[in-house]
Amino acid sequence: MSIYWQAFTTFFRIGLFTLGGGYAMIPLIEAEVVDKRQWVSKEQFLDLVAIAQSCPGVFAINISTFIGYKLRKTPGAICCALGTALPSFLIILAIAIFFHRFEDNPVVAAMFRGIRPAVVALIAVPTFNLARSAKISWANCWIPIGGALLIWLLGVSPIYIILAAAIGGYIYGKYIQPTE
């Protein structure tokens, strides 16, 4: 089986069976591309997640594109991006075609009320796992918490948070952090 087909089907499966969007996909993507297939290392995966988060666009498409590019340059990026996007496109298309038939159904409304908390959990778990993998400790947890509060309470653009963190990290690594 070609690497292109493997990459496409891997990301198609992840896209098909993941509720909650890109962040809910992180543990599944990590299990497939780091643990099972070993297409990228854990450190490379963390770097790709950070880059995908800071790029405009849909996170799931960004991360799959970067992994595909790492595998086989542009053709690999296209295969992985299509594999990720196609399930959502097909599902949304089917929902759009039939939604008018069940939009006022109380059972469907109750199901969506039940799904919402589960989606929050699906997003929270990879966030905590990423924090642990990125070596966020009690000593430096003020950085993501402060960034989140600035965005949420004061409406600061995430772009400014990313730029400030990048500059702060550069200064810390270059001038403050003790060298061994």
Any chance you could measure Ile3, atom CD1, to Cys79, atom SG, to the nearest 0.5 Å?
-> 9.5 Å
Would you say Pro144 and Ile136 make side-chain contact, with heavy atoms under 4.5 Å?
-> yes
For Pro87 and Leu82, the nearest pair of non-hydrogen atoms, with its separation, is CD-O, 4.4 Å
Which pair of heavy atoms, one from Ala52 and one from Ile63, lies closest together, and at what distance?
-> CB-N, 3.7 Å
State, with a plain yes or no, whether a side-chain heavy atom of Leu86 is found less than 4.5 Å away from one of Leu16.
-> no
Are Phe59 and Ile26 close enough that some pair of their side-chain heavy atoms sits under 4.5 Å apart?
-> yes
Out of curiosity, Met111 CE to Asn105 CG, how far, rounded to the nearest 0.5 Å?
-> 9.0 Å
For the hydrophobic clusters of this structure (ILVMFWY residues joined by side-chain heavy atoms under 4.5 Å, transitively), does one cluster hold both Val120 and Val125?
-> no
Atom SG of Cys55 and atom CD1 of Ile61: how far apart are they, to the nearest 0.5 Å?
-> 13.0 Å
Between Val49 and Phe66, is any pair of side-chain heavy atoms under 4.5 Å apart?
-> no
If you group Ile, Leu, Val, Met, Phe, Trp and Tyr by side-chain heavy-atom gaps below 4.5 Å, do Leu46 and Leu28 land in one group?
-> yes
Out of curiosity, Arg72 CZ to Ile78 CD1, how far, rounded to the nearest 0.5 Å?
-> 14.5 Å
Note, Phe8 side chain near Cys80 side chain (heavy atom, < 4.5 Å) | no
So OG1 of Thr84 and CE of Met25: to nearest 0.5 Å the spacing works out to 6.0 Å
Say whether Ile51 and Leu71 are linked into one hydrophobic cluster, either directly or through other cluster members, by side-chain heavy-atom distances under 4.5 angstrom.
-> yes
Find out if a path of hydrophobic residues (ILVMFWY) with successive side-chain heavy-atom gaps under 4.5 Å connects Tyr172 to Ile167.
-> yes
Give a yes or no on whether Tyr160 and Ile143 share a hydrophobic cluster (residues Ile, Leu, Val, Met, Phe, Trp, Tyr; joining criterion: side-chain heavy atoms under 4.5 Å apart).
-> no
Does CD1 in Ile159 sit with more than 12 non-hydrogen atoms of other residues, nucleotides or ligands closer than 6.0 Å?
-> no
Going from CG on Leu48 to OG on Ser64, what distance comes out if it is rounded to the nearest 0.5 angstrom?
-> 11.0 Å
According to the interplanar angle, ranging from 0 to 90°, do the rings of Phe11 and Trp39 count as parallel (below 30°), tilted (30 to 60°) or perpendicular (above 60°)?
-> parallel
Partner set under salt bridge (charged side-chain N to carboxylate O under 4.0 Å, His left out) for Glu32, not counting sequence neighbours = Arg13, Lys36, Arg37
Where Asn140 and Lys135 come nearest, the two heavy atoms and their spacing = ND2-O, 3.5 Å
